[in-house]
Amino acid sequence: MIINNVRLYQPEWPEQKKGLRAIEIEGDTITKVHDSPYIEEGDMVDGNGRVLAPSFNDSHMHLLRYGLLKKELDFTEVTSWKEMKQLVEDHYDKLQEYDWIFGKGFNDDKFTDIDHLLTAKDLSEIQVNAYIFFMHQDGHECVISEQAMELLKKEEAFEKEPEEFKEKDEHGNWTGRFKDTAVHYIKHHFFGRSVEDAKLAIESATPHLSEHGITSLHTDDINFIGSYPKLWQAYTELEQEGKLPVDVHLHHYIFNINDLHDYLERSTKRTGDGTEQVKVGAIKIFLDGTQRLFTAAMRNPYPDAPSTEGTLIYEQDQLNEMVKVASENGMQVAMHAIGDKAIEQAIEALEQQEAHTTQLRHRIIHAQTLAPDLIDRLRKVKPYIETQPSFLLEEWDKKGKWTPKELLPYCDAFQSLISEHIPVTLSSDLPIGSINPFVTMHAAVNRTDLTGKPEGGWMPQEKISLESAYQGFTLIPAELEYMEAKKGRIEAGYQADFVWLDQHPLEVESENLHQIQVLETWHRGKQVYKK
């Protein structure tokens, strides 16, 4: 097949080549790029001068959670407790005692009809004896019912979760609100969807990915299904059924070294192993919490909470051992680290000779608070940094509450990292950040929200180029897959993953980047979306 008469956007070209091109495709691979017009017998698609560019590889998301939002109870648009209760009533035909009730995406900070954050006592208004689990919008906090807490009290292993992540009232009793790894424990141990439920959720999510030009992704889903084998089965069955229009790397989240040993003993698959479309990703480890809850581990007190510096989940020797064992067994490691203290801990683990960081291409997720000494150490060890610039859309004016003034210039320091040749990916953290890569690129290039605030950009010295932003969604994630010679470019020998755009990225004012639209998405040589 030939796709004729297209304009190419290749972000790594020093000078964008003018004129039209023809892309020759055989099976799922680009076999040649010709000058256009190209005259040849056979299947020919006329691009009519439209822009063709590499499609997107989102290196950090939670696809199953996003799909469940589409399939199950979604609170993301709820603005009051009354409205939230009504949604539950409308969603469930009849609420029975000892049912499980799930909901995701609430933000009770914005509720105007109650003067406190939701607790287990409030959930009793829905059904006194139901097992209720509601997840906060950012995924780092949940509220559960009193009945669900009774189950939790029987879990001896839950005692190992940091006490800071278990909210208590003035009498020392749980309120029903839990944070960070305590949330992950509840999701992982109390309920897991069936393989069929997971498949339906993934199917409900993938059309939205295709609409935004995403053809590859790395996802952390295990806590929403309960086991890695079930997760693997769901994705590979969809692939076999021809219902998976993306390539996926499935991360394995662990709580401790025992979880890691269990996976290594149970499975022979290591990072990069798998089928054509479904492969093993990284071992995922949470090192700290989040800044909104003052649980991200900082080296200095929070300006708005001077009594705390956040929480480190592991001792350094515990983390070192997990990274060492994973590395010695051919597994990449991806570490969630937001505060500078957690990032420092991640760096120390990656500096171990046994980590083989360069060879295995380990990654640090978020790395939102840096400092000159940390950037210098990152420059030497060069892990991949997974950033989520779309968070800046709503957080830029809150950074001063979370970060000492002298460190603000090192928050979300995208350009400083790139200048030191530290590889940086752009990603969504879906469903928390924007699914639209052009919104994420807008935030990275402009460092403003979509209305242009703050004028000139927040910490403008950390703006990055459009080229760097686009590579962060294409070539750099491909390196994490060891696929940089096969994915992320429109060149002979590369996988035929591309998008047709309504505008050329270089012909759009930077403040309008988020307005670029995907007209078509092609995955492995097949059209999977058309506007």
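Just so you know, residue 1 is the first one in the sequence shown, and it goes up from there.
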Does the [X] side chain pair with the main chain of [Y], one donor and one acceptor, at a distance under 3.5 Å?
X      : Y      : result
His336 : Gly289 : yes
Arg361 : Glu479 : yes
His136 : Asp138 : yes
Gln388 : Ser427 : no
Asp46  : Asn48  : yes
His251 : Gly281 : no
Asp221 : Leu63  : yes
Gln332 : Leu360 : yes

Salt bridge [X]-[Y], side-chain N to carboxylate O under 4.0 Å:
X      : Y      : answer
Lys453 : Asp397 : no
Asp113 : Lys82  : no
Lys399 : Asp412 : yes
Lys398 : Asp304 : no
Arg379 : Glu420 : yes
Arg377 : Asp373 : no

- Message: Below 30° counts as parallel, above 60° as perpendicular, anything between as tilted: where do the rings of Phe56 and Tyr470 land?
- Response: tilted

Please say whether more than 12 non-hydrogen atoms of neighbouring residues, nucleotides or ligands are located less than 6.0 Å from [atom1] in [X].
X      : atom1 : value
Glu509 : CD    : no
Lys486 : NZ    : no
Glu455 : CD    : no
Lys104 : NZ    : yes
Glu276 : CD    : no

Nearest non-hydrogen partners of [X] and [Y], listed with the distance:
X      : Y      : value
Arg489 : Ile30  : O-CD1, 4.2 Å
His60  : His366 : NE2-CE1, 4.1 Å
Gln345 : Leu312 : OE1-CD2, 3.6 Å
Pro306 : Pro301 : O-CB, 3.5 Å
Thr448 : Leu393 : O-CD2, 3.4 Å
Ile516 : Pro505 : CD1-CA, 3.9 Å

- Message: Please evaluate residues Glu481 and Lys279 with respect to the criterion salt bridge (Lys or Arg N to Asp or Glu O under 4.0 Å), reporting the C-alpha separation (whole Å), side-chain torsions for both, the decisive distance (0.1 Å), and the verdict.
- Response: CA-CA 9 Å; Glu481 303 172 1; Lys279 299 186 186 299; over 6 Å; no

Is there a side-chain contact between [X] and [Y] (heavy atoms, below 4.5 Å)?
X      : Y      : answer
Pro389 : Leu426 : yes
Val424 : Ile476 : no
Asn436 : His514 : no
Ile338 : Trp402 : no

- Message: If we check side chain to side chain contact (heavy atoms under 4.5 Å, CB included) with Leu52, which of these qualifies: Val499, Ile490, Leu519, Leu501?
- Response: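 Considering Val499, Ile490, Leu519, Leu501, a side chain to side chain contact (heavy atoms under 4.5 Å, CB included) with Leu52 is found only for Ile490.
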
- Message: For Ser216, run the side-chain hydrogen bond (donor to acceptor under 3.5 Å, both in side chains) check against Gln495, His523, Lys487, Gln277 and tell me which one passes.
- Response: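 Single pass found, and it is Lys487.
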
- Do Gln471 and Glu12 have side-chain atoms, one donor and one acceptor, less than 3.5 Å apart? no

